Colleague: 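Please read through the structure below; I'll follow up with questions.
Everything quoted here is computed from the prediction, not taken from an experiment.
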Amino acid sequence: MANGIAFAGASIGVVIFPPVCHYLVEHLGWRGALFLIGGLNMNLCVMAALMRQPPLRKDLPDHLFIQPKQKKGKAKKNAKRKIRPQSKGMECSIWKTNLLFSTYVIAIFFLGFSTFTPLVHLVPRAVYQGAPHGQAAWIVSVIGLTGFIGRITHGIPISRGWVTPYKLFVITIYMIGFITIAFGPMGTSYIRIIIYAVLYGILSGFYNPMTMVVMKTIVKDTQLPTGMGITLLVYGFGHLVGAPVAGRLYDKTGDYSASFIVAGITYLIAAFLLSFRNLCLKCQAGRDAEAEKQKQRLERKERRRLERQQKAAQENEHKEFNLLATLNNQYNTPQVTSTVVHLDNDYKVGERGSYQDSLDDTNV
């Protein structure tokens, strides 16, 4: 619910800006209108800067900071200044370790590819069907108003436990794909265009806020910043490609039906890819199990290598011990001989008995 309220600001802008832009174009021309709208959008830079407030010293623990080495003269002046640790950057391993996330990103590309086609071509199609320009400009406002309602109310079935966010996300994309394909050949009057705008606004208000909510259920908390960055990048790239392709289809066919049919098909492709969630989880479980087995094999191999190294080290120690023992025996042999000689010399001048008697006693 809170996420829908946060996203509702975009719908309010969609309600307000189309008639304002039409008024500016009529009175200032398209150059003046774009200049004024660009100046308004520049204020977003100021607002974005205000959203990031640097943390205070008392708000964060000391172990999160690194105190730089400073000269003695500047130590007192910069005693309270701290340096935040550097970020590790994007965690690109998420592509390899999470199969469901990779499938989700591909589906998001098709979703972004289709999103701008109704917004860009509904007004020209209404004018093509004979509606006045001022009346046609209100079609986008209808989408914004109904999208605001959808973004506010999409959390009700989720909060009450009627459906999970992922299932509601997939069902909504299927529905918007089918009605877009049906609208291709049937949008031949202003009333039908308004009906499609109402349905499209409500359904888009349902799935747009859940883009990040669903992504949060797919990736780990530590991978959430990387996942959000990749998802928004791919979603924006789909926006960049989808509108020119739809315009090219109109140039080739001379009708807006082909653009809406292609947009509906890409919606269905996105929903079809998202429908393989259980299969992706099953494959991911198999990959994780295989990775765990490979890890265990490597650990056993490393353990055997360490055991061989330990055994070889023990053998070398044993050889060194035997070598030292041999050297000690060779070194001690002359000492025994000298002792015999010493005893021999002692008994040569003994006070009692003869030298032969002392030898006999020694032999006994």
Colleague: Might you confirm whether atom CZ of Arg305 has over 12 heavy atoms from other residues, nucleotides or ligands at distances under 6.0 Å?
Modeller: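 Yes.
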Colleague: Is Trp138 reachable from Ile143 through a run of hydrophobic residues whose side-chain heavy atoms are each under 4.5 Å from the next?
Modeller: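 No: no chain of side-chain contacts under 4.5 Å links Ile143 to Trp138.
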Colleague: Decide yes or no for Ile181 and Phe260: does some side-chain heavy atom of the first lie under 4.5 Å from some side-chain heavy atom of the second?
Modeller: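 Side-chain contact under 4.5 Å: no.
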Colleague: Quick one: does NZ or CZ of Arg151 land under 6.0 Å from the six-membered ring centre of Phe206, within 45 degrees of the ring axis?
Modeller: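 The answer is no, since Arg151 fails at least one limit relative to Phe206.
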Colleague: Starting at CG of Leu100, measure out to CG of Leu279 and round the result to the nearest 0.5 Å.
Modeller: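 The distance works out to 10.5 Å.
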Colleague: Got a sec: does the CZ of Phe272 have more than 12 other heavy atoms crowding it under 6.0 Å?
Modeller: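 Not buried by this count: 12 neighbours or fewer within 6.0 Å.
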Colleague: Between Tyr174 and Ile261, is there shared hydrophobic-cluster membership here, with clusters defined by ILVMFWY side-chain heavy atoms closer than 4.5 Å?
Modeller: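 Both belong to a single hydrophobic cluster.
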Colleague: Answer yes or no: is there a side-chain heavy-atom contact under 4.5 Å between His154 and Pro209?
Modeller: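 A side-chain contact under 4.5 Å exists here.
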Colleague: So, for Ala107 and Ala270, which heavy atoms are closest and what is the spacing to 0.1 Å?
Modeller: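 Nearest pair, atom of Ala107 first, then Ala270: O-CB, 3.4 Å.
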Colleague: Can you name the closest pair of heavy atoms from Val142 and Ala197 and give their distance?
Modeller: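 That closest heavy-atom pairing would be CG1-CB, 4.2 Å.
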Colleague: Tyr235 side chain to Leu111 main-chain N or O, any donor-acceptor pair under 3.5 Å?
Modeller: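 No: the side chain of Tyr235 does not pair with the backbone of Leu111.
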Colleague: Any chain of hydrophobic side-chain contacts (each under 4.5 Å) joining Val241 to Phe116?
Modeller: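 In one cluster: yes.
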Colleague: Between Phe109 and Ile269, is any pair of side-chain heavy atoms under 4.5 Å apart?
Modeller: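 When only atoms from C-beta onward are counted, Ile269 and Phe109 do not touch, as no gap falls below 4.5 Å.
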Colleague: List the atom of Arg125, the atom of Gly184, and the distance in Å for their closest heavy-atom pair.
Modeller: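 For Arg125 versus Gly184, the nearest heavy atoms are NH2-O, 2.6 Å.
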Colleague: For side chain to side chain contact (heavy atoms under 4.5 Å, CB included), just list the numbers for Gln310 and Leu306, CA-CA rounded to whole Å, side-chain angles, deciding distance to a tenth of an Å, and then say yes or no.
Modeller: CA-CA 6 Å; Gln310 186 177 4; Leu306 293 175; over 6 Å; no
Colleague: Is the number of heavy atoms from other residues, nucleotides or ligands under 6.0 Å of Arg160 CZ greater than 12?
Modeller: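 Open: at most 12 neighbouring heavy atoms sit under 6.0 Å from CZ of Arg160.
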Colleague: For Asp255 and Thr253, test the side chains for any donor-to-acceptor distance below 3.5 angstrom and give the result as yes or no.
Modeller: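 No, no side-chain donor-acceptor contact under 3.5 Å.
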Colleague: List the steps and the verdict of side chain to side chain contact (heavy atoms under 4.5 Å, CB included) for Phe237 and Leu233.
Modeller: CA-CA 6 Å; Phe237 186 71; Leu233 177 65; 5.9 Å; no
Colleague: Whether the Thr146 and Tyr200 side chains hold a donor-acceptor pair (N or O, under 3.5 Å, no angle test) is what I'd like checked.
Modeller: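 No, no side-chain donor-acceptor contact under 3.5 Å.
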Colleague: State the CZ-CG distance between Phe178 and Leu199, to the nearest 0.5 angstrom.
Modeller: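 Answer for the CZ-CG pair, Phe178 versus Leu199, is 15.0 Å.
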Colleague: Hey, can you tell me if Tyr267 and Tyr207 have their rings parallel, tilted or perpendicular (30° and 60° cut-offs)?
Modeller: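 Geometry flag for Tyr207 against Tyr267: perpendicular rings.
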Colleague: Roughly how far, to the nearest 0.5 Å, is the CZ atom of Arg192 from the CD1 atom of Ile194?
Modeller: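 Ile194 atom CD1 to Arg192 atom CZ measures 14.0 Å (nearest 0.5 Å).
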Colleague: Is there a path of hydrophobic side-chain contacts, each under 4.5 Å between heavy atoms of I/L/V/M/F/W/Y residues, joining Leu24 to Phe35?
Modeller: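 The answer is no; the residues belong to distinct hydrophobic clusters.
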Colleague: Ignoring hydrogens, what is the shortest heavy-atom contact between Tyr128 and Gly254? Give both atom names and the distance.
Modeller: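 Heavy atoms of Tyr128 and Gly254 come nearest at OH-O, 3.9 Å.
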Colleague: Could you tell me if the side chain of Tyr190 sits less than 4.5 Å from the side chain of Gln129, heavy atoms only?
Modeller: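 Not touching, per the 4.5 Å side-chain cut-off.
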Colleague: Any idea how Tyr104 and Phe101 line up, ring-wise: parallel (<30°), tilted (30 to 60°), or perpendicular (>60°)?
Modeller: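 If you compare the ring of Tyr104 with that of Phe101, the planes turn out tilted.
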Colleague: For Ser275, run the side-chain contact (heavy atoms from CB on, under 4.5 Å) check against Thr103, Ile173, Val170 and tell me which one passes.
Modeller: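 Output: one option passes, namely Val170.
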Colleague: Just by distance, no angles: are the side chains of Tyr196 and Thr180 close enough, under 3.5 Å, to form a donor-acceptor pair?
Modeller: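 There is such a pair between these side chains.
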Colleague: At their closest point, which heavy atom of Ser204 faces which heavy atom of Ile176, and how far apart are they?
Modeller: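 Here Ser204 and Ile176 meet closest at N-CD1, 4.2 Å.
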Colleague: From Leu273 CG over to Ser102 OG, what is the distance, rounded to the nearest 0.5 angstrom?
Modeller: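 It comes to 12.0 Å.
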Colleague: In terms of hydrophobic clusters joined by side-chain contacts under 4.5 Å, are Ile191 and Tyr256 together?
Modeller: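 Yes, it is one cluster - the side chains of Ile191 and Tyr256 are joined through contacts under 4.5 Å.
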Colleague: With rounding to the nearest 0.5 Å, note down the distance linking NZ in Lys216 to CE in Met210.
Modeller: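 Going from NZ on Lys216 over to CE on Met210, the span is 15.5 Å.
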Colleague: Please give me the minimum heavy-atom distance between Ile193 and Ala126, naming the atom from each residue.
Modeller: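 The answer is CD1-CA, 3.6 Å.
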Colleague: Look up atom CE in Met212 and atom CG in Leu232, then write down how far apart they are to the nearest 0.5 Å.
Modeller: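 Here the rounded value is 3.5 Å.
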Colleague: So, His318 side chain and Gln314 main chain: donor-acceptor pair closer than 3.5 Å or not?
Modeller: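 No, His318 side chain to Gln314 backbone: no donor-acceptor pair under 3.5 Å.
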Colleague: Decide yes or no on side chain to side chain contact (heavy atoms under 4.5 Å, CB included) for Ile158 and Leu168, but give the supporting numbers first.
Modeller: CA-CA 8 Å; Ile158 298 175; Leu168 182 62; 3.8 Å; yes
Colleague: Does this structure show an ion pair linking Arg304 with Glu307, if we count only N-O contacts that are shorter than 4.0 Å?
Modeller: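 No salt bridge links Arg304 with Glu307.
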Colleague: Set out, in order, the CA-CA distance, both residues' side-chain angles and the distance that settles side chain to side chain contact (heavy atoms under 4.5 Å, CB included) for Phe169 and Thr211, then state yes or no.
Modeller: CA-CA 8 Å; Phe169 186 67; Thr211 304; 4.1 Å; yes
